S.K.: 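One structure, pasted below without further comment.
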2 protein chains.
Amino acid sequence: MSDTLLSRCLAKNIRMTSQRQIIIQVIEESDDHPDVDQLYLRSVELDNTISIATVYRTVKLLEEAGLIERLEFGDGRSRYEEAGEHHEHLVDIETGEVHEFYNEELETLKTEIAREMGYDLIDHRLELYGKKRKS
Amino acid sequence: MSDTLLSRCLAKNIRMTSQRQIIIQVIEESDDHPDVDQLYLRSVELDNTISIATVYRTVKLLEEAGLIERLEFGDGRSRYEEAGEHHEHLVDIETGEVHEFYNEELETLKTEIAREMGYDLIDHRLELYGKKRKS
DNA sequence: CTAAATGCAAAACCTTTGCCTCAAA
DNA sequence: TTTGAGGCAAAGGTTTTGCATTTAG
C-alpha cells in the first residue's frame, strides 16, 4: 500500500467520503501552509459542492487523528500541513514565505530545558521570523 | 524617573488618559499572562467606565510601541505581558500554568539557524508544552 | 481650540454547531 | 438499515471599527 495521506486515513478506519478524499488530495498537493479558506477554495475547484463547514470538520478530524498539523503564524488563522518528519518554520517577514528546517541540537535542547524545569516535553511550537540578508 | 510602564509610555510621548493609566497599571500588576478580557475585568474593578474597546485599542498601541508583548498559546486568544528581558514560556498542559525561562544556548542557536538559512533573525516565538514529571 | 481618545453598538473575522438530508459501510 | 457525514445558515467567540462625544495637550 502506498503511503499516502489517504491510505493513512483508511488505516485509521476513518470513514471515507468523496468530500474528504478531495480535501485530503488538496492537502497532499499543497506544499505551502494553507489556511482553511485556501483549502476550501482549492477543494471547490475540484468539487464545487464542498462547503467550508466540511473543510473545518475535516481538518479537525485529521488533526485529532495526528495526520495533519495545525500551525499558527500570529495572524488570526490556523494553517495546516501534512504530519511527517518533525520540523520547524522560518517565516520571511517581508514575503510571507515559509521555510522549513530541522536542527537536532535544538530538539535536544528543548527536551533538556523542559526536564530541568521538572517537565516532560509533550509538544512545542517554534517559529523564527526573519528578513533575508542582503549582504 | 522610576522605570515603570507608565514612565516608558510618557517617554514615548504616548498621550496619557485616565483609562490608559488604569490599563497600564493593571498590566504592570499582572504577573500571569492575561488575555484582553481579563485585563478588561481587572480594569473595570478600578474604573467601571472603561470599555473593552479601549482595552483592545490600548494593548494594540502598547504592542506597536514595543512596550508590551503579545503571546499566543494556541487557544484563540491573545495574551499580553510587559516587555522586558527576553524569555520563553513553558505551558503546563494539565494546569495551564505558564513558567518563564531563558536559555542562552537556545538564543544563540536560533540566531545561527536563521543566519545559516540566509536570514537575519528579527523575531521568534517558542513555547514548550509539558507535563509535570511525577517521578 | 484642535486633534486624538473613548463608549457604544454594529460589523468583521474565523470557527463551530443544529438540523435536516444524504451517503457509506 | 443504521450510523455517521455534508450542506446550509445561524450562532459563538474574539477583535475591529464608525460615529458621536469627551478630553488631553
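When reading the values below, keep in mind they use all heavy atoms of this one structure, side chains included, and skip hydrogens, waters and symmetry mates. The structure displayed is predicted, hence computed values, not measured ones.
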S.K.: Report yes or no: do A/Tyr102 and A/Glu100 form a side-chain donor-acceptor pair below 3.5 Å?
M.R.: no
S.K.: Which residue lies toward the 5' end of DNA chain D, B/Thr17 or B/Ala53, if each is placed at its nearest nucleotide?
M.R.: B/Ala53
S.K.: For B/Glu63 and D/dT16, give me the distance from atom CD to atom P, rounded to whole Å.
M.R.: 9 Å
S.K.: Think A/Ser78 has a side-chain N or O under 4.0 angstrom from the OP1 or OP2 of C/dT15?
M.R.: yes
S.K.: Are B/His124 and B/His86 close enough that their ring centres sit under 6.0 Å apart?
M.R.: yes
S.K.: Please tell me if B/Tyr56 has a side-chain N or O lying less than 4.0 Å from either OP1 or OP2 of D/dT16.
M.R.: no
S.K.: Students often get this wrong, so: under 4.0 angstrom with heavy atoms, is B/Ile52 touching a base, only sugar-phosphate, or nothing?
M.R.: nothing
S.K.: May I have the distance from B/Tyr80 (atom OH) to D/dT14 (atom P), rounded to whole angstrom?
M.R.: 13 Å
S.K.: Check this for me: does any side-chain nitrogen of one of A/Arg125 and A/Glu69 sit under 4.0 Å from a carboxylate oxygen of the other?
M.R.: no
S.K.: Rounded to the nearest angstrom, tell me the gap between atom CE in A/Met16 and atom P in D/dG6.
M.R.: 10 Å
S.K.: From CZ of A/Arg79 over to C1' of C/dT15, roughly how many Å is that when rounded to an integer?
M.R.: 16 Å
S.K.: Would you tell me whether A/Glu127 and A/His89 have side-chain atoms, one donor and one acceptor, within less than 3.5 Å of each other?
M.R.: no
S.K.: Hey, which of these two, B/Lys60 or B/Ser18, hits DNA chain D nearer its 5' end, going by closest nucleotide?
M.R.: B/Lys60
S.K.: Measure CD/B/Glu72 against C1'/D/dT14 and give the value in whole Å, please.
M.R.: 12 Å
S.K.: Report the nucleotide, chosen from D/dA5, D/dA9, C/dG18, that has the shortest atom-to-atom distance to any side-chain atom of A/Arg15.
M.R.: D/dA5
S.K.: Hey, does the side chain of A/Thr54 come within less than 4.0 Å of D/dG7's phosphate (OP1/OP2), counting only N and O?
M.R.: yes
S.K.: Can you tell me how far C1' of C/dC8 sits from CD1 of B/Ile50, to the nearest Å?
M.R.: 15 Å
S.K.: Under 4.0 Å: is that the gap between some side-chain N or O of A/Thr49 and OP1 or OP2 of D/dG6?
M.R.: no
S.K.: To the nearest Å, how far apart are B/Tyr40 OH and D/dT14 C1'?
M.R.: 14 Å
S.K.: Looking just at side-chain N and O atoms, do B/Gln25 and B/Gln21 make a donor-acceptor pair shorter than 3.5 Å?
M.R.: no
S.K.: Is it the case that the base of D/dG4 and the side chain of A/Arg57 share a donor-acceptor contact (distance under 3.5 Å, atom types as modelled)?
M.R.: no
S.K.: Is it the case that D/dG6 (base atoms only) and A/Arg20 (side chain only) share a donor and an acceptor within less than 3.5 Å, ignoring hydrogens and angles?
M.R.: no
S.K.: Do any side-chain nitrogens or oxygens of B/Gln19 fall under 4.0 Å of OP1 or OP2 in D/dT23?
M.R.: no
S.K.: Using the side-chain heavy atoms of A/Arg77, tell me which of these nucleotides is nearest: C/dC8, C/dC14, D/dG7.
M.R.: C/dC14
S.K.: In whole angstrom, give the distance that lies between atom CD of B/Gln38 and atom P of D/dT14.
M.R.: 11 Å
